[in-house]
Amino acid sequence: MRRIFLSFLFIGSMHLAQAQQSTGTSRPLTLAEYQKAKTFAVKDLDNDTYVKIENAYILDRYEGRKPYFITGDDGLKKRMDLYRLVSKEGMQELGTMIFYTNEKGKQYKAVLPNFTTDGKVWESYFEDIHAIDKEEKNFVLKLSYVLSKELSFQQYKALNQGKDLKAESATYGNDICFPGDQLVAMANGRQKLLKEVQPGDQVLTIDPATKLATTVRVKELVSHEAKNYAITRLLVASVTEKTSQAGKEVNLSSKVLEATPNHPMQTREGNRKMGEVNLGEEVLCYNSKTGKYEPFTVLHKTEYAGGVQKVYNIEAAAGTTFMMNDVMVLQK
């Protein structure tokens, strides 16, 4: 079991070090700097979030995090604090300082190097945490837990284009709507910003089976109070290729649609919420090049905090669909 934890810790340490490297400029930590860093101290771990050392290095509280307090089976509470180790020259990140304080107030230190650091430094790091583990029962297990949590956080940020959605408090509510800047297909052949649609306007509705378009009257434009709504963004495309003696001719037509993740739409595989549509599924779109309603393939999907804004939806007198940004969506 111990070997498993050590292996897991190694993988977690390497991945976290790599993730940190990707957040900004960095350089390898030298062995001399590694040994020196183990002498660095933070006077007040509760309040000192940015510590300058010898006018050459900086300890910057990792992600502004509060400490981890971990209580094991023995009932003893341990404390772990993480700081980014930064070289003041060029503000290059070198690694992560780990301060571990036991229930008696004794403090241990370890320095997690960044991913590009030489193997000898990494060996020193693993020797040091192994030595701590001999004195502090299950230190490696506790460190493995903390690094795994932080690795997950870095992956979470990467998947959301660097944004911390939790910090932005995106709203995943029951409001089933679109941002106001989406374009609605009108009966006169033009498009109109959703937020400018009025009761009595005539909009297009498409029969999903026959692909025939008819017009319906807007009964009400429903608006919801401004919040930082979570928004799902779909990129769909239609591609045709023709090979000739001269080469390959490609015709590409694409659409982008944004809505709250719970807004329904119809795909070839069945009805889906926007946030549940999978890559490769097909949705019905208006192709301006052919003048027909044709299947487009979902190529990319992202979800992000859309910023504080109102969102809107249409209530119509008939029909089951609308064309939003030339993409067919279901009425709700």
Side-chain angles (χ1 to χ4, degrees), residues 163 165 168-208 211-238 253-267 271-275 277 283-294 296 298-332:
K163 294 183 177 181
L165 296 187
E168 294 180 359
S169 299
T171 299
Y172 291 81
N174 296 320
D175 301 331
I176 301 174
C177 302
F178 302 88
D181 59 357
Q182 304 297 284
L183 293 170
V184 183
M186 309 300 290
N188 61 7
R190 297 181 177 179
Q191 291 181 316
K192 190 173 187 178
L193 289 173
L194 174 60
K195 63 184 177 184
E196 296 178 354
V197 170
Q198 299 291 322
D201 282 350
Q202 297 288 321
V203 300
L204 286 184
T205 182
I206 309 300
D207 186 316
K211 301 179 183 177
L212 294 177
T214 56
T215 62
V216 294
R217 180 177 59 83
V218 175
K219 293 173 58 179
E220 181 182 3
L221 178 67
V222 178
S223 66
H224 295 279
E225 63 175 304
K227 297 179 184 176
N228 188 19
Y229 290 96
I231 298 294
T232 298
R233 186 174 191 267
L234 297 183
L235 169 64
V236 300
S238 173
S253 181
S254 63
K255 316 286 181 186
V256 173
L257 176 68
E258 295 184 337
T260 55
N262 54 0
H263 194 95
M265 63 188 308
Q266 187 177 55
T267 73
N271 290 348
R272 297 273 195 274
K273 294 179 180 177
M274 279 273 288
V277 172
V283 298
L284 197 64
C285 297
Y286 176 70
N287 190 336
S288 58
K289 294 180 180 177
T290 64
K292 298 179 180 178
Y293 296 94
E294 302 172 350
F296 279 45
V298 178
L299 294 183
H300 191 247
K301 182 176 78 172
T302 56
E303 191 168 272
Y304 64 99
V308 177
Q309 61 179 315
K310 282 187 175 182
V311 291
Y312 304 84
N313 198 18
I314 292 175
E315 286 191 11
T320 59
T321 69
F322 297 119
M323 296 303 293
M324 197 73 72
N325 290 0
D326 286 337
V327 181
M328 189 186 75
V329 296
L330 296 174
Q331 292 187 30
K332 187 65 180 180

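Side chains of M324 and V184 form a contact here, defined as non-hydrogen atoms less than 4.5 Å apart. Looking at Y312 and C177, their side chains never come closer than 4.5 Å, going by heavy atoms from C-beta outward. Side-chain atoms of L330 and N271, non-hydrogen and from C-beta on, do get closer than 4.5 Å to each other.
Just one of T214, V218, T215 meets the side chain to side chain contact (heavy atoms under 4.5 Å, CB included) condition when paired with Q202; it is T215.
Not counting sequence neighbours, K195 has no partner by the salt bridge (Lys or Arg N to Asp or Glu O under 4.0 Å) test. Taking the side-chain contact (heavy atoms from CB on, under 4.5 Å) definition, one finds that K227 meets it with T171, D175, E225, Y229, sequence neighbours left out. With sequence neighbours excluded, the residues that form a side-chain contact (heavy atoms from CB on, under 4.5 Å) with S254 are L235, A237. With sequence neighbours left out, A318 forms a side-chain contact (heavy atoms from CB on, under 4.5 Å) with V216. Qualifying ring pair (Phe, Tyr, Trp, His ring centres under 6.0 Å) partners for F178, counting only residues two or more places apart in sequence or in other chains: H263. With sequence neighbours excluded, no residue forms a salt bridge (Lys or Arg N to Asp or Glu O under 4.0 Å) with R217. Partners of K273 according to the salt bridge (Lys or Arg N to Asp or Glu O under 4.0 Å) rule, which considers only residues two or more places apart in sequence or in another chain, do not exist here.
Within 6.0 Å of NZ in K301 there are more than 12 heavy atoms belonging to other residues, nucleotides or ligands. Atom CZ of R233 has 12 or fewer neighbouring heavy atoms from other residues, nucleotides or ligands inside a 6.0 Å radius.
A donor-acceptor pair is defined here as one N or O able to donate and one able to accept, closer than 3.5 Å; such a pair exists between the side chain of Q331 and the backbone of G319. For the pair N313 (side chain) and K332 (backbone), a donor-acceptor distance under 3.5 Å is present.
When all heavy atoms are compared, the tightest approach of A213 to Y293 is CB-OH, 3.9 Å. Across E196 and K192, no two heavy atoms sit closer than the pair O-CE, 3.1 Å. Nearest approach of P261 to A230, heavy atoms of both residues: CD-O, 3.2 Å. Here the closest heavy-atom approach between residue M274 and residue E258 is recorded as CE-C, 4.2 Å. In plain terms, the two heavy atoms of V308 and A226 that are nearest each other are CG1-CB, 3.9 Å.
A distance of 10.0 Å separates OG1 in T260 from CD in E303, rounded to the nearest 0.5 Å. Atom OG1 of residue T232 and atom OH of residue Y304 lie 9.0 Å apart, to the nearest 0.5 angstrom. Distance check: I206 CD1 to M328 CE gives 8.5 Å after rounding to the nearest 0.5 Å.
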Return a table of donor-acceptor pairs under 3.5 angstrom between the side chains of residues 284-292 and protein atoms on other chains or two or more places apart.
residue: N287; atom: OD1; partner: K289; partner atom: N; Å: 3.0
residue: N287; atom: ND2; partner: E294; partner atom: OE1; Å: 2.9
residue: K289; atom: NZ; partner: L252; partner atom: O; Å: 2.9
residue: T290; atom: OG1; partner: N287; partner atom: O; Å: 3.4
residue: T290; atom: OG1; partner: K292; partner atom: N; Å: 3.3
residue: T290; atom: OG1; partner: E294; partner atom: OE2; Å: 2.7

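For the salt bridge (Lys or Arg N to Asp or Glu O under 4.0 Å) condition, no pair includes a residue of residues 177-191, sequence neighbours left out. Applying the side chain to side chain donor-acceptor pair (under 3.5 Å) test to pairs two or more places apart or on separate chains, those with a residue in residues 319-328 are Q182-N325, Q191-D326, T205-T321, K255-D326.
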Requested in this report: Apply side-chain contact (heavy atoms from CB on, under 4.5 Å) to L183 and L194, showing your working.
Outcome: CA-CA 6 Å; L183 293 170; L194 174 60; over 6 Å; no
